[in-house]
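Protein chains get the first letters and strands the later ones, always in sequence-line order, with residue 1 at the start of each.
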2 protein chains.
Amino acid sequence: MELTPRQKEIFEFIKGFIKERGFPPSVREIGERFRIYPRAAFDHLRALERKGYLKRKGSMSRGLKILVFQGYESRGSSQRAGPHGEHLKKEGRLLSREVPVLGRVAAGKPTLAVEHVEGTIPLPIEWLKGKEVFLLKVKGDSMSPYILPEDYVIVRSQPAAENGDVVVTLVGEEATVKRFFRKGGKVELRPDNEHWETLQIEEGSGEIQILGKVIGVFRKC
Amino acid sequence: MELTPRQKEIFEFIKGFIKERGFPPSVREIGERFRIYPRAAFDHLRALERKGYLKRKGSMSRGLKILVFQGYESRGSSQRAGPHGEHLKKEGRLLSREVPVLGRVAAGKPTLAVEHVEGTIPLPIEWLKGKEVFLLKVKGDSMSPYILPEDYVIVRSQPAAENGDVVVTLVGEEATVKRFFRKGGKVELRPDNEHWETLQIEEGSGEIQILGKVIGVFRKC
DNA sequence: ATGTATACTATACATTTGTTTAGTTGTCAA
DNA sequence: TTGACAACTAAACAAATGTATAGTATACAT
């Protein structure tokens, strides 16, 4: 159920009010803000409740609870409802998922051939929605100073990339993190650190394999 | 200012109430919970406000705003075995904890007086063991390229630092991330980015306040 | 001994606030 | 054209709610 522009306006005001002051606005405060009568504001609250954006608790003053925070749920999307590695909050909402940290990445295998899983780290589930993600502990300083040795990179499994993306690729036996560029028929893997050399490979030669795109960095000092 | 056991009990109830229902309790609801008269509950609210734990907004119904989220002084023990924000694995082992993301940090208060909690992010509990930790979303590029704008820094609450530590300090009204050095009687706050200037302050002048040490960085690309 | 702080009872008052009743106006689809 | 919905006005009611007045009892420090 979508909101009308007016309802959205009012919903945004309520969210902002709570964020700023720590408690929801009263019916009259909403009315004052939009120069409408309490009854009109009240009607809007009922509409917002009917559409599932908030809940009104009985007839309590300021008895509002925001239910929808960003957009909606990705309805019917690929919520990886795996049986393992998920954490439940008391209410039952998913908040984090155990993401595997891969040591070495096996050659040949598509993406997640789990030769060496060094452990797992819980990550916020919002950052993983609908994605197949793994972590990699970075060894070299080829992407310094953007990514430093010992950093964990959060990698989204995907077999292709766009110009400028930071990718994890399998060159020979080793997994490396580089910046990806395609120029004409050639693929370039550029390090951010100038002390390292750019790799140039013919496209489609099969010499490299893109494992995924770096969508985050995790540094534990 | 420490809370009495009774005040702590009531403060915990208020925090739990907000977390569960989305809005603060009324004076009478507090009274009913503890079987005391509205006036007694009201007195407790005034005590909690006087001690800086919450703020009452005028005479508005449920006009409460929590200011202090994590325990009091971390004198001695620290492990906040709070009932909220923790995730349990199916076997019952703790793996992650919801860590608050602070927007602005209030001046004056010891360490953890919080103006705006923008949300929470689950972090691996092993990284937080025995520490009092919060997150801060970085705004400027003064620590670039080590820390970039929009990065989250993981901050361990502590009132002092050692040379070379990256710290979060309160200079005037604003919280800034800089590298800390002490030389003779002067404190230096150096940015990694040369385009920014080093701040020099007399030690013990009270002009700056160390909020904590950066123990991690979180980048969502 | 006196003052201050905590923690409460009991009643009362004045708003604040959610909600009701009773309508109007405009849009848009069946 | 009829009906549903959105978006409102205007006034009123009853309940919820913050707060004041006026006290009691206990603990602790000066």
Side-chain angles (χ1 to χ4, degrees), chain A residues 1-68 72, chain B residues 1-18 20-68 71-73 110:
Chain A
M1 270 256 212
E2 291 246 343
L3 294 185
T4 65
R6 188 59 162 173
Q7 287 167 353
K8 201 171 169 183
E9 218 180 355
I10 284 162
F11 186 59
E12 290 302 320
F13 167 70
I14 295 170
K15 282 199 291 181
F17 190 103
I18 294 173
K19 195 159 197 174
E20 216 176 80
R21 327 236 292 209
F23 51 89
S26 70
V27 175
R28 273 168 187 81
E29 279 163 350
I30 298 169
E32 273 158 36
R33 163 62 179 72
F34 292 98
R35 289 212 192 88
I36 55 177
Y37 274 75
R39 173 64 217 241
F42 179 70
D43 277 349
H44 278 299
L45 287 183
R46 281 209 294 209
L48 287 169
E49 187 179 30
R50 180 167 45 80
K51 294 188 176 181
Y53 282 73
L54 50 80
K55 193 145 201 227
R56 290 181 316 128
K57 290 287 170 97
S59 68
M60 286 162 158
S61 69
R62 305 173 192 274
L64 305 179
K65 187 182 190 179
I66 296 318
L67 295 179
V68 179
Y72 330 70
Chain B
M1 271 257 212
E2 292 243 345
L3 295 184
T4 65
R6 188 58 160 174
Q7 288 168 353
K8 195 174 158 189
E9 216 180 359
I10 285 163
F11 186 59
E12 290 301 321
F13 168 70
I14 295 169
K15 282 199 291 183
F17 190 104
I18 294 172
E20 215 176 82
R21 325 239 285 209
F23 51 89
S26 69
V27 175
R28 273 168 188 79
E29 280 162 349
I30 298 170
E32 274 158 35
R33 163 61 179 71
F34 293 98
R35 291 213 190 86
I36 54 177
Y37 274 76
R39 175 64 215 241
F42 179 69
D43 277 348
H44 275 111
L45 287 184
R46 281 208 295 209
L48 288 169
E49 187 180 31
R50 180 166 45 79
K51 294 188 175 181
Y53 282 73
L54 50 78
K55 195 149 198 220
R56 289 180 317 128
K57 288 287 169 97
S59 67
M60 286 163 158
S61 68
R62 304 173 191 277
L64 305 179
K65 186 182 190 182
I66 293 329
L67 294 179
V68 179
Y72 332 70
E73 313 289 88

Exercise for the section: Please state how far atom NZ in Lys51(B) lies from atom P in dA7(C), giving the value in whole angstrom units. Expected result: 7 Å
Handout entry: Distance test, side-chain N/O of Lys8(A) to OP1/OP2 of dA6(D), below 4.0 Å
Key = no
Practice task
From the options Val27(B), Ile30(B), Ile36(B), select the one residue that forms a side-chain contact (heavy atoms from CB on, under 4.5 Å) with His44(B).
Solution key: Ile36(B)
Handout entry: Length of the NZ-C1' vector between Lys57(A) and dT17(C), whole Å
Key = 19 Å
Practice task
Classify the nucleic acid contact of Arg28(A) as base, sugar-phosphate or nothing, counting any heavy atom under 4.0 Å across all strands shown.
Solution key: base
Practice task
In whole angstrom, give the distance that lies between atom CZ of Arg33(B) and atom P of dC8(C).
Solution key: 12 Å
Exercise for the section: List in chain and number order the residues that pass side-chain hydrogen bond (donor to acceptor under 3.5 Å, both in side chains) with Arg56(A), two or more places apart in sequence or in another chain; answer none if no residue qualifies. Expected result: Glu49(A)
Completion exercise
Assign each of Pro38(A) and Ala47(A) the nucleotide of DNA chain D bearing its closest heavy atom; nearer the 5' end lies the nucleotide of Ala47(A)
Protein N or O to nucleotides 20-29 of chain D N or O, pairs below 3.5 Å:
from	atom 1	to	atom 2	distance (Å)
dT21(D)	O4	Arg39(B)	NH1	3.2

Completion exercise
note: Leu48(A), atom CG; dA7(D), atom C1'; distance rounded to Å ~ 13 Å
Exercise for the section: Mind calculating the distance between CD1 (Ile30(A)) and P (dC8(D)) to the nearest angstrom? Expected result: 12 Å
Practice task
Let me know, please, whether Phe34(B) or Ser61(B) comes out on the 5' side of the other along DNA chain C by nearest nucleotide.
Solution key: Phe34(B)
Practice task
Could you check how far CG of Leu45(B) sits from P of dA7(C), rounded to whole Å?
Solution key: 13 Å
Practice task
Could you check whether Gly63(B) gets within reach of a base, just the sugar-phosphate, or nothing at all, counting any heavy atom under 4.0 Å?
Solution key: nothing
Fill in the blank from the handout: Closest non-hydrogen contact found for Pro24(A) with Ile18(A) is CA-CG1, 3.6 Å
Exercise for the section: Please state whether the phosphate of dA7(C), meaning OP1 or OP2, lies under 4.0 angstrom from any side-chain nitrogen or oxygen of His44(B). Expected result: yes
Exercise for the section: Any pair with a residue in residues 31-42 of chain B that passes salt bridge (charged side-chain N to carboxylate O under 4.0 Å, His left out), sequence neighbours left out, goes on the list, sorted by first then second residue, please. Expected result: Arg39(B)-Asp43(B)
